[in-house]
Protein chains: 2
Amino acid sequence: MSDVANRTAFPPPDKSNGKRLAKAVERAGEEFAAKNLRFTKLRQMVYEEIAATYASIGAYEILARLADKGTRVAPISIYRAIDALLEAGVIHRLESKNAFFACRRMDHRTGRRPLFLSCEKCGAVGEVDGQHIFDLIGEAANSAKFVARVKFVEVQGLCPRCASEEKDKA
Amino acid sequence: MSDVANRTAFPPPDKSNGKRLAKAVERAGEEFAAKNLRFTKLRQMVYEEIAATYASIGAYEILARLADKGTRVAPISIYRAIDALLEAGVIHRLESKNAFFACRRMDHRTGRRPLFLSCEKCGAVGEVDGQHIFDLIGEAANSAKFVARVKFVEVQGLCPRCASEEKDKA
DNA sequence: CCTGTATAGTAACAGTATTACACCTACCTG
DNA sequence: CAGGTAGGTGTAATACTGTTACTATACAGG
């Protein structure tokens, strides 16, 4: 079980073969279609930059990478595309880093919310099921008579790969 | 029980009598002393601005308020003071708003970590015990072979006061 | 067509945070 | 007491993150 969970949470760094990326773009397009949102050229380009890295990436880094490829857009355009991608649910925002990463769990329909594990060394972000934790947070809020609307749980630390490298050095 | 929890989490807005603030400053000084940190004039001033509001407050808002009172300091000085206050544990950082608020739970020694409830309407921030939740988060991370180091749990919604006002309007 | 809606472009700016370097106390320690 | 060291603050510049306001374009439906 932990093997599967592990693989889901922390897929290997991109081998740059592009096939995985193409699949991710296709799935993103399906998400947009399912929600009656438009997967425009700009949104696709922004999504590709985010999905092309396993680390989280900032808005201005996306902007710089697009510029390197000859597409010069303003910050606001990046943010608008990001908003659409967030709404479609194909990326997530990492509040503690003001950065974004591609969602790799295709189980939205289960309604189970994930929590985010962000590696401090390599920047990779993994997701693991956290529905039971979000439920408890809701109860904790209720007990303080607080009406919860948005919750987030983020963890910083070392991903499995980086943790084992650290251990090797010791 | 919920009454006590509630009062702890969401104390009433400041009546500006200053006595509560003076007590908070005194307790902060004790925290600094206990940790062999220096509670300098600047740190105290920054702390007072944070503790004087029940809402979270941004670094540049602190800067502006100090300026209004005749103390003009650079952003970096505010951030350095904030770092010290965070280290002393007398304020917390709200990652989802890039803002800060005074810690009102004086139970650090119990080692039980709180989670943060941030009101979207009035800005008030409450804390409720979340140790059991942090424990579960640690387990969830472990199951993904992730070495957790820092955890964030934040909830946005309506505090008891604002929630009942909303209800009244309906 | 024309018109409404969603999307994208342009420019300026507001808000958040850091780097680099200088100074200056306070407090060791010899 | 001289000199050293460490922590704290001052000054200036800059980098990073995000938004406002306004204009322009694209396309679907009447």
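Sequence lines set the chain letters: A, B, ... in the order given, protein chains first and strands last, and positions in each chain run from 1.
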**Asked** Has Arg93(A) got a side-chain N or O lying under 4.0 Å from the OP1 or OP2 atom of dG18(D)?
**Response** yes

**Asked** Between dG10(D), dT20(D), dG8(D), which nucleotide has the shortest distance from any of its atoms to the side chain of Arg43(B)?
**Response** dG8(D)

**Prompt:** When the distance from CE of Met45(A) to C1' of dA8(C) is rounded to whole Å, what number comes out?
**Reply:** 11 Å

**Message:** Once hydrogens and angles are ignored, does a donor-acceptor distance under 3.5 Å link the base of dG9(C) to the side chain of Arg80(A)?
**Reply:** yes

**Prompt:** For Arg38(B) and dG7(D), is the shortest distance between a side-chain N/O and OP1 or OP2 below 4.0 Å?
**Reply:** no

**Message:** Nearest whole Å is fine: how far is dT9(D) P from Leu63(B) CG?
**Reply:** 15 Å

**Below 4.0 Å: OP1/OP2 of dG8(D) and any side-chain N or O of Ser77(B)** = no

**Asked** Reckon Ala74(B) touches a base, only the sugar-phosphate, or nothing at all at heavy-atom distances under 4.0 Å?
**Response** base

**Asked** Using the benzene-type ring in the case of Trp, are the ring centres of Phe116(A) and His92(A) under 6.0 Å apart?
**Response** yes

**Complete:** Between CD1 of Ile78(A) and P of dT10(C) the distance, given in whole Å, is 13 Å

**Item:** Glu154(B) side chain near Lys151(A) side chain, heavy-atom distance below 4.5 Å
**Value:** no

**Asked** When the distance from CZ of Phe32(B) to C1' of dG8(D) is rounded to whole Å, what number comes out?
**Response** 12 Å

**Request:** Between dT18(C), dG8(D), dA11(C), spot the one nearest the side chain of Tyr79(B), thanks.
**Result:** dT18(C)

**Request:** In whole angstrom, give the distance that lies between atom NZ of Lys41(A) and atom P of dC27(D).
**Result:** 15 Å

**Fill in**
Picking from dA8(C), dT16(C), dT11(D), the nucleotide nearest the side-chain atoms of Leu42(A) would be dA8(C)

**Prompt:** For Cys162(B) and Lys121(B), which heavy atoms make the closest approach, and how far apart are they?
**Reply:** SG-CB, 3.8 Å

**Request:** Calculate the interatomic distance between Ile76(B) atom CD1 and dT19(C) atom P; express it in whole Å.
**Result:** 8 Å

**Prompt:** If you check the Phe100(B) side chain, which of dT17(D), dA12(D), dA17(C) turns out closest?
**Reply:** dA17(C)

**Asked** Between Leu37(B) and Pro75(B), which is nearer to the 5' end of DNA chain D once each is assigned its nearest nucleotide?
**Response** Leu37(B)

**Request:** Provide, to the nearest angstrom, the distance between the CD1 atom belonging to Ile62(A) and the P atom belonging to dT17(D).
**Result:** 10 Å

**Message:** Do Glu95(A) and Ser96(B) pair up side chain to side chain, a donor and an acceptor below 3.5 Å, judged on atom types alone?
**Reply:** no

**Request:** Consider only side-chain heavy atoms of I, L, V, M, F, W and Y, link residues closer than 4.5 Å, and tell whether Ile91(B) and Phe39(B) are in one cluster.
**Result:** yes

**Message:** Without decimals, in angstroms, what is the distance between Leu66(B) CG and dG10(D) P?
**Reply:** 11 Å

**Request:** Would you indicate, yes or no, if dT17(D) has its OP1 or OP2 atom less than 4.0 angstrom from a side-chain nitrogen or oxygen of Asn98(B)?
**Result:** no

**Request:** Could you check whether Tyr60(B) and the base of dT16(C) form a stacked pair, meaning centres closer than 5.5 Å and planes differing by less than 30°?
**Result:** yes

